[in-house]
Amino acid sequence: MSYFSELALQFIDGEWRGGSGSWDIVDFNPYNGEKLASITVATVEEVDLAYRAAERAQPEWGASNPYARRAVFERVLRIIEDREKELTETIIAECGGTHVKAGFELHLAKEFLREAIHLALRPEGRILPSPVDGKENRLYRLPVGVVGVISAFNFPFLLSLKSVAPALALGNAVVLKPHQNTPVCGGGLVAKIFEEAGLPAGLLNVVITDIAEIGDALIEHPTPKVLSFTGSDKVGRHVATVAASHFKRTVLELGGNSALVVLDDADLDYAVDAAVFSRFVHQGQVCMAANRVLVDRAIEREFTERFVAKVETLKVGDPGDPTTHIGPLINEGQAEAIAQLVDQTIAEGATALVRGRTEGSLMGPTVLSGVPEGSAILGQEVFGPVVTLIPFDGDDEAVRIANDTDYGLSGAVHTSDIERGVRFAQRVHTGMIHVNDSTVHDEPIVPFGGEKHSGLGRLNGESMIEDFTTTKWISIQHGRSQFPF
């Protein structure tokens, strides 16, 4: 893969350079263990260089004509369209994503770039009335300056672009730190495409490093005014705490423990299809994935039989094979931890209706039923191909079970009565929920984010203007004010 040898570098102030840390991040193919690249980590000094470069480049970019900024994103979009085959191969190799997953990621990336093209023109000022005679109040919408972006490994190209593109379109500069498991898809590839599209040097910088090397330098640095983080709630809590202590704003897109709920009047075949996709797309390594499938007891037996039958048809193996449904988890440690969690749950009394084998980073699908209330698996995000089936009696109990979690990101409810579904959805404490569909959805103009431990703020569309700009009040006194002394 030429991308790995070419982009296994830091990108600071328009230059590709090696890091100066004392150790390397090794980028492996999670399916076959092939070494893709070795990247010497960036140090605290290089993080500072990246932020200082962004700080120098941003004022001219922020003052530029938004139509000129928009042209860069049009070129980025054309580059992605022209190189879709190579990008697909890179995502499969570094992320272990199947062809379906890679296609889904690139489709959404293009949609979000189309939105960024329009976003450059959307910030609007306002003139507000004043109780003071002769006073004119102007509100200006301005870039925040520099944005720090920390992205996740599961959809690295998309998740980096989701924050990088809007921040740049709105006149900011960016320092991006991709996840160390996906430094090319989440970092180098993004920088290379923007570089080729003509983005001026210094506006997008990529530092490939780890907290073991730089500590909290990326968060504590005085330059960034906003930090956009995608990842676990544990790390997100730390990012928010440190950022708040330095008076920085955060946008946090964190984990989930979503429920897909099947009411007694649902189309069972369709609900089965939606539930299988919602749990097993990208091996379950999706924050919106349905960890829990709740089924009305009146249809539990029939639904379970159909669900298990479909799960047993899923092909596990090489993500490069277009017929594969479930590829590898991001690493063997993740697969081993989830297998141990399954063992623990079975020891507590659960039944494995399907028990997938774990071989290295490959893990077959597992379906659990009869999970005792209070089991650890019910209360946490499971980033792998494991699902729990939970029966309920009536809508009220289903709502209680769906809400019995610290998370509140996504969800779904299936019913033949649309308004019943909407009433149910309104009672579930999530940032997003879908009637008669999967739990896994993302659209460029719809606010994306969660409640409770699933995050702070929203991404996408108009929310990005709130996230990555600030409001400035300039008043003008026409005439003379009267002062008391």
If you round to the nearest 0.5 Å, how far is [atom2] of [Y] from [atom1] of [X]?
X: E332; Y: M363; atom1: CD; atom2: CE; value: 13.0 Å
X: D269; Y: F307; atom1: CG; atom2: CZ; value: 13.5 Å
X: N181; Y: I330; atom1: CG; atom2: CD1; value: 5.0 Å
X: L106; Y: F157; atom1: CG; atom2: CZ; value: 6.5 Å
X: D417; Y: D264; atom1: CG; atom2: CG; value: 10.5 Å
X: L159; Y: T230; atom1: CG; atom2: OG1; value: 5.5 Å

Side-chain contact test, heavy atoms from C-beta onward, threshold under 4.5 Å: evaluate it for [X] versus [Y] and give yes or no.
X: H221; Y: D48; result: yes
X: S410; Y: H441; result: no
X: L353; Y: L389; result: yes

Candidate pair Y270 and N436, rule side-chain contact (heavy atoms from CB on, under 4.5 Å), full reasoning:
CA-CA 8 Å; Y270 179 63; N436 291 340; 4.3 Å; yes
Qualifying residues under side chain to side chain contact (heavy atoms under 4.5 Å, CB included), relative to Q340, sequence neighbours excluded
E336
List in chain and number order the residues that pass side chain to side chain contact (heavy atoms under 4.5 Å, CB included) with F28, two or more places apart in sequence or in another chain; answer none if no residue qualifies.
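Scan of F28 (side chain to side chain contact (heavy atoms under 4.5 Å, CB included), adjacent residues dropped) gives V26, K35.
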Looking at every non-hydrogen atom in both residues, tell me the closest pair between [X] and [Y] and how far apart they are.
X: A259; Y: T439; result: O-CG2, 4.2 Å
X: F153; Y: P156; result: O-CD, 3.2 Å
X: P328; Y: Q283; result: O-NE2, 2.8 Å
X: A167; Y: V174; result: CB-CG2, 3.7 Å
X: T182; Y: A152; result: OG1-O, 4.0 Å
X: D321; Y: H99; result: C-CD2, 4.1 Å

Exceeds 12 heavy-atom contacts within 6.0 angstrom, atom [atom1] of [X]:
X: R297; atom1: CZ; value: yes
X: E81; atom1: CD; value: yes
X: I445; atom1: CD1; value: no
X: R400; atom1: CZ; value: yes

Set out, in order, the CA-CA distance, both residues' side-chain angles and the distance that settles side-chain hydrogen bond (donor to acceptor under 3.5 Å, both in side chains) for D265 and T415, then state yes or no.
CA-CA 5 Å; D265 61 348; T415 172; 2.7 Å; yes
Is any NZ, NE, NH1 or NH2 atom of the basic residue among [X] and [Y] found under 4.0 Å from an Asp or Glu carboxylate oxygen of the other?
X: R427; Y: E397; value: no
X: D343; Y: R355; value: yes
X: R420; Y: D395; value: yes
X: D467; Y: R249; value: no
X: R423; Y: E419; value: no
X: K452; Y: D406; value: no

Step-by-step side-chain contact (heavy atoms from CB on, under 4.5 Å) determination, S20 to E45:
CA-CA 9 Å; S20 60; E45 290 73 22; 5.8 Å; no
Main-chain N/O of [Y] paired with [X] side-chain donor or acceptor, under 3.5 Å:
X: K225; Y: T223; result: yes
X: N257; Y: L378; result: yes
X: D233; Y: G255; result: no

Starting from the C-alpha separation in whole Å, work towards a yes-or-no answer on side-chain hydrogen bond (donor to acceptor under 3.5 Å, both in side chains) for D442 and N460.
CA-CA 9 Å; D442 196 359; N460 304 355; 2.9 Å; yes
After noting the C-alpha distance and the side-chain angles of E451 and H429, does the key distance pass the side-chain contact (heavy atoms from CB on, under 4.5 Å) rule?
CA-CA 7 Å; E451 301 295 326; H429 302 153; 5.5 Å; no
Between F280 and H325, is a ring pair (Phe, Tyr, Trp, His ring centres under 6.0 Å) present by the stated rule, with each step listed?
CA-CA 8 Å; F280 298 109; H325 300 104; over 10 Å; no
Quick one: is the NZ or CZ of K162 closer than 6.0 Å to the six-membered ring centre of F448, and within 45° of its axis?
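Relative to the ring axis of F448, which defines the angle, K162 lies inside both limits.
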After noting the C-alpha distance and the side-chain angles of H282 and F155, does the key distance pass the ring pair (Phe, Tyr, Trp, His ring centres under 6.0 Å) rule?
CA-CA 9 Å; H282 193 36; F155 284 79; 5.5 Å; yes
Hey, what's the ring geometry for W16 with F11, parallel, tilted or perpendicular (30° and 60° as the breaks)?
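Ring orientation of W16 relative to F11: tilted.
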Would you please classify the geometry between the H453 ring and the Y407 ring as parallel, tilted or perpendicular, with 30° and 60° separating the classes?
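Rings of Y407 and H453: perpendicular, as their planes differ by over 60°.
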Could you tell me if T345 and E348 have a donor-acceptor pair between their side chains, going purely by distance under 3.5 Å?
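Looking only at side-chain atoms, T345 and E348 do not form any donor-acceptor pair under 3.5 Å.
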Given H238 and D216, is the side-chain hydrogen bond (donor to acceptor under 3.5 Å, both in side chains) satisfied, shown in steps?
CA-CA 10 Å; H238 178 75; D216 288 328; 2.9 Å; yes
